Amino acid sequence: MIRSFIGHHIKRPSFRRLISSTGACHAEFCDTVDHAIRDIKDGDKLLVGGFGLCGIPEFLIDGLQQKGVKNLTCVSNNAGVDDFGLGLLLQNKQVKRMISSYVGENAEFERQFLTGELEVELTPQGTLAERIRAGGAGVPAFYTPTGYGTLIHRGGSPIKYNNDGTVAITSQPREERVFNGRNYIMEEAITGDFALVKAYKADEAGNLVFRQSANNFNQPMATAGNITIAEVEEVVPVGAIPPEDVHVPCIFVDRVLQRSGHQKRIEKLTLLKEDPGKKLSDSPRDRIIRRAALEFTDGMFANLGIGIPMMAANYISGITVTLQSENGILGLGPFPREGQQDPDLINAGKQTVTVLPGSSLFSSDTSFGMIRGGHVDLTMLGGLQVSARGDLANWMIPGKMVKGMGGAMDLVGSAGTTVVVTMEHTARGAHKILPECTLPLTGTQVVDKIITEKCVFNIVKDVGLVLAEIAEGETIDSIRGATSASFEVSPGLKPLEQIKV
């Protein structure tokens, strides 16, 4: 079969780089923002680095706002907040289409999408990172298990709404193939007219170094722009950065803009509570936390969603669990104390964090290589709905709430990773454990265990839901009354376990 992939290219060094007498490449150093972005025009496709507000090229974005270019396609994990980062371009109606994984807390982003003012191509976070990495590497397409069986695979995910709330543009189906008995879908690479990235340092040749978790999407994006513009805090002489410490070689970098006084806003300042001795109550939420904490085992690598999963990690004791964050951290530590917070060091929930001795920091594409490759033992996350066979829905209520899938599709789609969903059993009386999910899926047959305040269900292949633990005050009949899906009862049914605190 012969396929044609339109618009993908391999970035080549300029002729002046090839004849450099020193053997080093030399980027153009720009004195002003206007000069750095001088040829960005209406309708261009921009790759914009950062994760949340961490590692965003804020001066370059401000320059685009002032320049007034319109009808832009922006590829970015998210769009900042309403009044900062890419949110500024959204407010000015300068963006025609966003290619992102997460809408998050940007109310204007969500409003424009749901009212038909903005096209949004939602893409799983790991797939987005890999599509960009592939674009920079000259690979036109690749196969991934992420999103198989969902709207990403089947097509039909809303990209643009009409004014009346009906869908004007939907995503197209993906080609599928089976490798070694496992299902995969094909994703095409992403490149851009320009890549706007934020680095900590550049040397005078244009080699780049990132700081803490501000690497994220910046590193792969720097390779995938036809013209890459790096906004940096510091410029050092050639040789000041040891070759083995370079994150982005200068061959990928066309222009460098040095600026000081970055705002580096913190989106979610989260500090360590000096009095962690607050006792958990018997509320539904705390009961789930106490049970979820028992899922950790010594030596495991775990990725935890925000909320209940991350709170359960506070009760790890006597064992070693290494926490992975999909924005590029292995070895998450506790939240910082007042005064120790670092805007360049956040977790995937955009909270300020610390890292432990022996930790490592890396780019988003490397992070999802760990996840997709099955190197993470446990994924624990929340859910809107779970089906009897382990389908999960947790990212969208069509026409009402669109937060985006973020990294969830990648996390649950990894073979060999145990997936535990923590959630309240019902939502305002509505059942959440169903024969079939009615909301758009995050993954098909991916959930291994459900922990609620009422019980624990194991999901067994070819069997379905098996009631394994039941809370005090509940009966099998009361569980049936709160669960739409049918289930079997384990012969070893036991009381809902709770970690001792």
Side-chain angles (χ1 to χ4, degrees), residues 51-52 75-78 99-104 121-135 141-154 157 171 174 176 179 182-190 213 215-217 219-221 301-306 309 323-330 332 347-350 362-384 390-396 403-421 440-448:
F51 186 96
V75 183
S76 183
N77 181 62
N78 50 288
I99 301 176
S100 303
S101 82
Y102 193 64
V103 175
E121 184 182 330
L122 286 168
T123 303
Q125 191 177 135
T127 296
L128 181 63
E130 189 66 13
R131 289 177 70 186
I132 295 163
R133 189 208 65 81
F142 59 91
Y143 286 92
T144 176
T146 300
Y148 182 87
T150 72
L151 288 177
I152 300 299
H153 169 207
R154 305 297 184 194
S157 180
S171 64
R174 304 294 201 267
E176 62 181 270
F179 295 95
R182 193 162 180 228
N183 297 306
Y184 293 79
I185 61 175
M186 190 178 76
E187 294 281 2
E188 295 191 24
I190 291 176
S213 63
N215 187 327
N216 51 63
F217 275 84
Q219 184 167 338
M221 284 183 171
F301 295 96
N303 183 291
L304 306 179
I306 59 175
L323 300 182
Q324 196 259 14
S325 186
E326 57 264 38
N327 60 314
I329 304 174
L330 186 65
L332 276 173
N347 64 15
K350 303 167 191 170
F362 33 83
S363 60
S364 293
D365 55 312
T366 296
S367 184
F368 280 96
M370 295 176 184
I371 292 165
R372 199 182 307 108
H375 304 287
V376 176
D377 301 302
L378 171 69
T379 287
M380 189 182 295
L381 72 172
L384 295 173
D391 300 339
L392 171 66
N394 76 345
W395 66 280
M396 182 183 187
K403 294 302 180 186
M405 67 286 290
M409 283 190 180
D410 308 272
L411 286 160
V412 303
S414 172
T417 298
T418 298
V419 177
V420 175
V421 171
L441 296 180
T442 306
T444 59
Q445 300 183 61
V446 294
V447 180
D448 297 293

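FYI, side chains are in, hydrogens and waters are out, and symmetry mates aren't considered; it's all heavy atoms of this structure. From a predicted model like this one, the values you see are computed outputs, not experimental measurements.
For the pair Ser101/Pro124, no side-chain contact is recorded, criterion being any heavy-atom separation below 4.5 Å from C-beta on. Residues Ile99 and Leu128 have side chains in contact (heavy-atom distance under 4.5 Å, counting atoms from C-beta outward). The side-chain heavy atoms of Glu176 and Tyr184, taken from C-beta on, include no pair separated by under 4.5 Å. In this structure the side chain of Asp365 never reaches within 4.5 angstrom of the side chain of Ile132, judged on heavy atoms. At least one side-chain heavy atom of Ile152 sits under 4.5 Å from a side-chain heavy atom of Met409. In this structure, Leu151 and Leu441 have side chains that are not in contact, with every pair of non-hydrogen atoms separated by 4.5 Å or more. Side chains of Asn347 and Leu323 form no contact here, defined as non-hydrogen atoms less than 4.5 Å apart. The shortest side-chain heavy-atom distance between Thr417 and Asp448 does not fall under the 4.5 Å cut-off.
Side-chain atoms of Asp410 and Thr146 include a donor-acceptor pair closer than 3.5 Å. Side-chain contact, Ser364 with Ser367: no donor N or O sits under 3.5 Å from an acceptor N or O. Glu326 and Asn303 are linked by a side-chain donor-acceptor pair at a separation below 3.5 angstrom, with hydrogens and angles left out of the test. Counted by atom type alone, Asn394 and Thr442 present one or more donor-acceptor pairs between their side chains at under 3.5 Å.
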Quiz prompt | Pair Glu187-Arg174, side-chain contact (heavy atoms from CB on, under 4.5 Å): steps then yes or no | solution = CA-CA 7 Å; Glu187 294 281 2; Arg174 304 294 201 267; 3.0 Å; yes
Exercise. Could you give me the CA-CA distance, side-chain angles and deciding distance for Phe142 and Glu188, then say whether side-chain contact (heavy atoms from CB on, under 4.5 Å) is met?
Key: CA-CA 7 Å; Phe142 59 91; Glu188 295 191 24; over 6 Å; no
Exercise. Applying side-chain contact (heavy atoms from CB on, under 4.5 Å), run through His375 and Phe301 and close with a yes or a no.
Key: CA-CA 8 Å; His375 304 287; Phe301 295 96; over 6 Å; no
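Once rounded to the nearest 0.5 Å, the distance linking CH2 of Trp395 with OG1 of Thr150 reads 7.5 Å. Here Ile190 contributes atom CD1 and Thr123 contributes atom OG1; the two are 6.0 Å apart, rounded to the nearest 0.5 Å. The OG1 atom of Thr366 sits 9.0 Å away from atom CZ of Arg133, with the distance rounded to the nearest 0.5 Å. Here the straight-line distance linking atom CZ of Phe362 with atom CE of Met370 works out to 3.0 Å at 0.5 Å rounding. From Asn327, atom CG reaches atom OG of Ser213 across 5.5 Å, with rounding to the nearest 0.5 Å. Of the inter-residue distances, the one linking Ile306 atom CD1 with Leu304 atom CG reads 12.0 Å to the nearest 0.5 angstrom.
Remark: aromatic rings of Tyr143 and Phe179 are close, center separation under 6.0 Å.
A search for salt bridge (charged side-chain N to carboxylate O under 4.0 Å, His left out) contacts involving Asp391 returns Arg389, not counting sequence neighbours. Residues meeting the salt bridge (charged side-chain N to carboxylate O under 4.0 Å, His left out) test with Glu121, sequence neighbours left out: Arg97, Arg131. Partners of Arg372 by salt bridge (charged side-chain N to carboxylate O under 4.0 Å, His left out), not counting sequence neighbours: none found.
Ring planes of His153 and Tyr148: parallel class, angle under 30° (limits at 30 and 60°).
Here the closest non-hydrogen pair linking Ala348 and Ser325 is N-OG, 2.9 Å. Heavy-atom minimum distance, Gly135 versus Ala189: N-CB, 3.5 Å. Taking all atoms of both residues into account, the shortest heavy-atom contact from Ala129 to Pro220 is O-CB, 4.4 Å. Summarising the geometry of Phe217 relative to Asn77, their closest heavy-atom pair is CE1-CB, 3.5 Å, with the distance given to 0.1 Å.
The backbone N or O of Gly52 sits less than 3.5 Å from a side-chain atom of Asn78, completing a donor-acceptor pair.
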